[in-house]
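Here is the structure we will look at.
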Amino acid sequence: MLRLEPRAATPWWLAVASPLMAVVATMVAGGVLFALMGFDPVASIRTIFWDPLFGPASGYSRPQLLVKAGPLILIASGLAIGFRAGIWNIGAEGQYIIGGICGAAVALAAYPAEGAWIFPAMVLAGAAGGWAWGMIPATLRNWTGASEILVSLMLVYVAQRVAAWMAFGPMRSPEGFGMPGSRNLQHYPSAANPELVAGTGAHWGVVAAGLAVLATWFLMSRHIRGFRIRVAGLAPRAARFAGVRPETLVAFCLGLSGALAGMAGLFEVSGPGGQITDSFGSGYGFTAIIVAFLGRLHPLGILLAGLLLALTYIGGELAQLMLQLPAATVQVFQGMLLFFLLGFDTLTRYRLRWRGTK
C-alpha cells in the first residue's frame, strides 16, 4: 500500500513547479468535467484561458484583467503576511464588505459637496473599517484564546447582514424609487474611482495593489518585523525566546490584512461596483486565499496568481455568454485549483512510498 514519507528537504524546483502543475491539472480536470457536461472541452478551456487575452473580445476583456486582479492582489498581500506567521484570517470577505460600507458612508455623508479631500478620506475610512473588523478576531484570540479562523469566518456572514441592512435602510438612495442600494458613487465625481489611463482598466485600487506588493516584499525581506513573522511561523517557541510577543503579532497581522481588505472594498464600491447593495461582496476575500497560496505567499507569486485568478473570472463570464456554460463554472475552477494546489503542496513535503502488506 502507498504511504506518505516526509522528505528530508524539499527540492527548490519542486516548490516552484507545484503551482504550475496545479494549474495544468485544473485545466485537464476541467476539460474532463466539461466533456461530461456535453461541452467541447478544448473550446471551453480556450474560451476561459485564451480568448480574454487574444480572442475577438479581448479589447474589452484585457482591461478587465486589472480590474479583477487589483482587489485579489491587495487582499492576498495582507493575508500572506498572516499566513507566514501561522495566523489564519479566513474572513477577509467580511473586512472587504465593512471597508466598502465605511468608505461609502464618508462619501454619502459629504454628498453633494465637492472637494479633493473626500476620496482620501474614503480610503482612510475603508482601511479603518477593515482594520476594526479584523481586530475583532484578533482581540478574541488574544483575550480568550478563540480561534481566529472560526471568528473571522463567522464575521463574514455578520458583515453580509450589515450590508443588507445598510442597503435597505440608512444608505438607501432617496432617488432610487424605493429599490435597495445606495447612491451610485460613480456619478459623484469627488467620490468616484475611475480609470486613470483610458482603456487599461487601471484605477486607484490597482495602484494600491502594486504598492501593497512592494510594501509586502520590503516588510518580509528587509524589515525586522518581517523576520519575526517568519520565525513565528516556522518555530513559534523559538520566536518567544527571541522576544516576539504573540499577542502583538496577532493584532498586527489581522489588523493589517483587515485594513488592506477594507481598502479593496472601498476601491470596488467607488469604482466598478459603484454602490452598496444587499449583495455587496463579490467573493474576492475568499478567492484571495487561493491567490495567496498559489503565489507561495511571496509578493511576486501573488501578483502572478492574482492575474491568473482574474483571468478565470473573465474567462468564465465569456464562457457563460458564448458557450452557455453554467454560472458556477468559475467557482468550480477555483475549487479545483485549490484542491490540486493543496495536493501538489503535500507532495513537496512528502514522497509516496510503497509499503508491502504482510
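Listed here is the closest heavy atom pair of Ile276 and Ala167: O-CB, 4.1 Å. Thr47 and Met322 make their closest contact through CG2-SD, 4.5 Å (heavy atoms, listed as atom of the first residue, atom of the second, distance). Heavy atoms only, all atoms of each residue included: Ala261 and Ala92 are closest at CB-O, 3.7 Å. Pairing each heavy atom of Ala288 with each of Ile75, the nearest pair is CB-CG2, 3.6 Å. When all heavy atoms are compared, the tightest approach of Ala69 to Leu307 is CB-CD2, 3.8 Å. Nearest heavy-atom pair, Ser182 versus Leu108, reported as atom, atom and distance to 0.1 Å: CB-CD1, 3.9 Å.
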As a quick check of understanding, evaluate side-chain contact (heavy atoms from CB on, under 4.5 Å) for Asp51 and Ser58, giving each step before the final call. CA-CA 7 Å; Asp51 285 356; Ser58 60; over 6 Å; no
Please evaluate residues Val123 and Phe267 with respect to the criterion side-chain contact (heavy atoms from CB on, under 4.5 Å), reporting the C-alpha separation (whole Å), side-chain torsions for both, the decisive distance (0.1 Å), and the verdict. CA-CA 8 Å; Val123 175; Phe267 289 127; 4.0 Å; yes
Determine whether Ile224 and Arg228 satisfy the following criterion, side-chain contact (heavy atoms from CB on, under 4.5 Å), listing intermediate values before the conclusion. CA-CA 6 Å; Ile224 183 63; Arg228 290 171 177 168; 4.0 Å; yes
Kindly indicate, with the supporting measurements, whether the criterion side-chain contact (heavy atoms from CB on, under 4.5 Å) is fulfilled by Ile136 and Trp133. CA-CA 6 Å; Ile136 297 175; Trp133 209 249; 3.9 Å; yes
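At least one donor-acceptor pair closer than 3.5 Å links the side chain of Glu195 to the backbone N or O of Gly199. With Arg172 contributing its side chain and Phe168 its backbone, the two residues share a donor-acceptor pair below 3.5 Å. Put simply, the side chain of Arg296 never gets that close to the backbone of Ile302: no donor and acceptor are under 3.5 Å apart. In this structure a side-chain-to-backbone donor-acceptor pair under 3.5 Å is missing from Gln186 to Asn193. Using modelled atom types, one side-chain atom of Thr312 and one backbone atom of Leu309 make a donor-acceptor pair closer than 3.5 Å. Under a 3.5 Å cut-off, the side chain of Ser190 and the backbone N or O of Gly115 do form a donor-acceptor pair. The main-chain N or O of Val156 is never found under 3.5 Å from a side-chain atom of Glu93 such that the two would form a donor-acceptor pair. The closest donor-acceptor contact from the side chain of Asn142 to the backbone of Glu247 lies under 3.5 Å. Counting only distance, with no hydrogens or angles, the side chain of Thr277 and the backbone of Phe280 share a donor-acceptor pair below 3.5 Å. Looking at Thr248, its side chain never comes within 3.5 Å of a backbone N or O of Val244 through a donor-acceptor pair.
Under a hydrophobic-cluster definition in which Ile, Leu, Val, Met, Phe, Trp and Tyr are linked whenever side-chain heavy atoms come within less than 4.5 Å, directly or via other members, Tyr284 and Leu266 are assigned to the same cluster. Residues Tyr157 and Val162 share a hydrophobic cluster, clusters being chains of Ile/Leu/Val/Met/Phe/Trp/Tyr side chains in contact below 4.5 Å. Linking ILVMFWY residues whenever their side-chain heavy atoms come closer than 4.5 Å, directly or via other members, leaves Ile229 and Met135 in distinct clusters. Val291 and Phe339 end up in the same hydrophobic cluster when Ile, Leu, Val, Met, Phe, Trp and Tyr side chains are linked at under 4.5 Å. In terms of hydrophobic clustering, with Ile, Leu, Val, Met, Phe, Trp and Tyr side chains grouped at heavy-atom distances under 4.5 Å, Trp143 and Met154 are assigned to different clusters.
Heavy-atom neighbours of Met179 CE from other residues, nucleotides or ligands within 6.0 Å: at or below the threshold of 12. Counting non-hydrogen atoms of neighbouring residues, nucleotides and ligands closer than 6.0 angstrom, the CZ atom of Arg240 reaches no more than 12 such neighbours. Heavy-atom neighbours of Phe49 CZ from other residues, nucleotides or ligands within 6.0 Å: above the threshold of 12. The environment of Trp204 atom CH2 is sparse: at most 12 non-hydrogen atoms of other residues, nucleotides or ligands sit within 6.0 angstrom.
Side-chain contact check for Leu79 versus Ile289: some heavy-atom pair is nearer than 4.5 Å. At least one side-chain heavy atom of Arg84 sits less than 4.5 Å from a side-chain heavy atom of Arg230. Counting heavy atoms from C-beta outward, Met122 and Leu185 have side chains that approach closer than 4.5 Å. In this structure, the side chains of Leu325 and Phe34 come closer than 4.5 Å at one or more pairs of heavy atoms. Contact annotation: the side chain of Leu300 never approaches that of Trp217 to less than 4.5 Å [non-hydrogen atoms, C-beta and beyond]. Side chains of Glu268 and Tyr96 form a contact here, defined as non-hydrogen atoms less than 4.5 Å apart. At a threshold of 4.5 Å between non-hydrogen side-chain atoms, the residues Glu148 and Val250 do not count as touching. Contact of the Pro326 side chain with the Met37 side chain is registered, since non-hydrogen atoms from C-beta on lie closer than 4.5 Å.
The distance from the CG atom of Leu347 to the CG atom of Leu342 is 11.5 Å, given to the nearest 0.5 Å. Within the model, atoms OH of Tyr111 and CD1 of Ile118 stand 11.5 Å from one another, a figure rounded to the nearest 0.5 Å. Distance check: Cys102 SG to Trp131 CH2 gives 12.0 Å after rounding to the nearest 0.5 Å. The distance from atom CG of Leu304 to atom CG of Leu20, rounded to the nearest 0.5 Å, is 10.0 Å. Taken to the nearest 0.5 Å, the CG atom of Leu155 stands 13.0 Å off from the CD1 atom of Ile90. The CH2 atom of Trp88 lies 6.0 Å from the CZ atom of Phe83; values are rounded to the nearest 0.5 Å.
At least one cation-pi condition fails for Arg183 and Tyr188: the charged atom is not both under 6.0 angstrom from the six-membered ring centre and inside a 45 degree cone around its axis.
For the residue pair Arg62 / Thr200, no side-chain donor-acceptor distance below 3.5 Å is found, with atom types taken as modelled. Using modelled atom types, one finds a donor on one side chain and an acceptor on the other under 3.5 Å when comparing Tyr313 with Thr287. Looking at Asp278 and Gln160, their side chains never bring a donor and an acceptor atom within 3.5 Å of each other.
Taking the charged nitrogens against the carboxylate oxygens, Arg349 and Glu5 have no contact shorter than 4.0 Å, which rules out a salt bridge.
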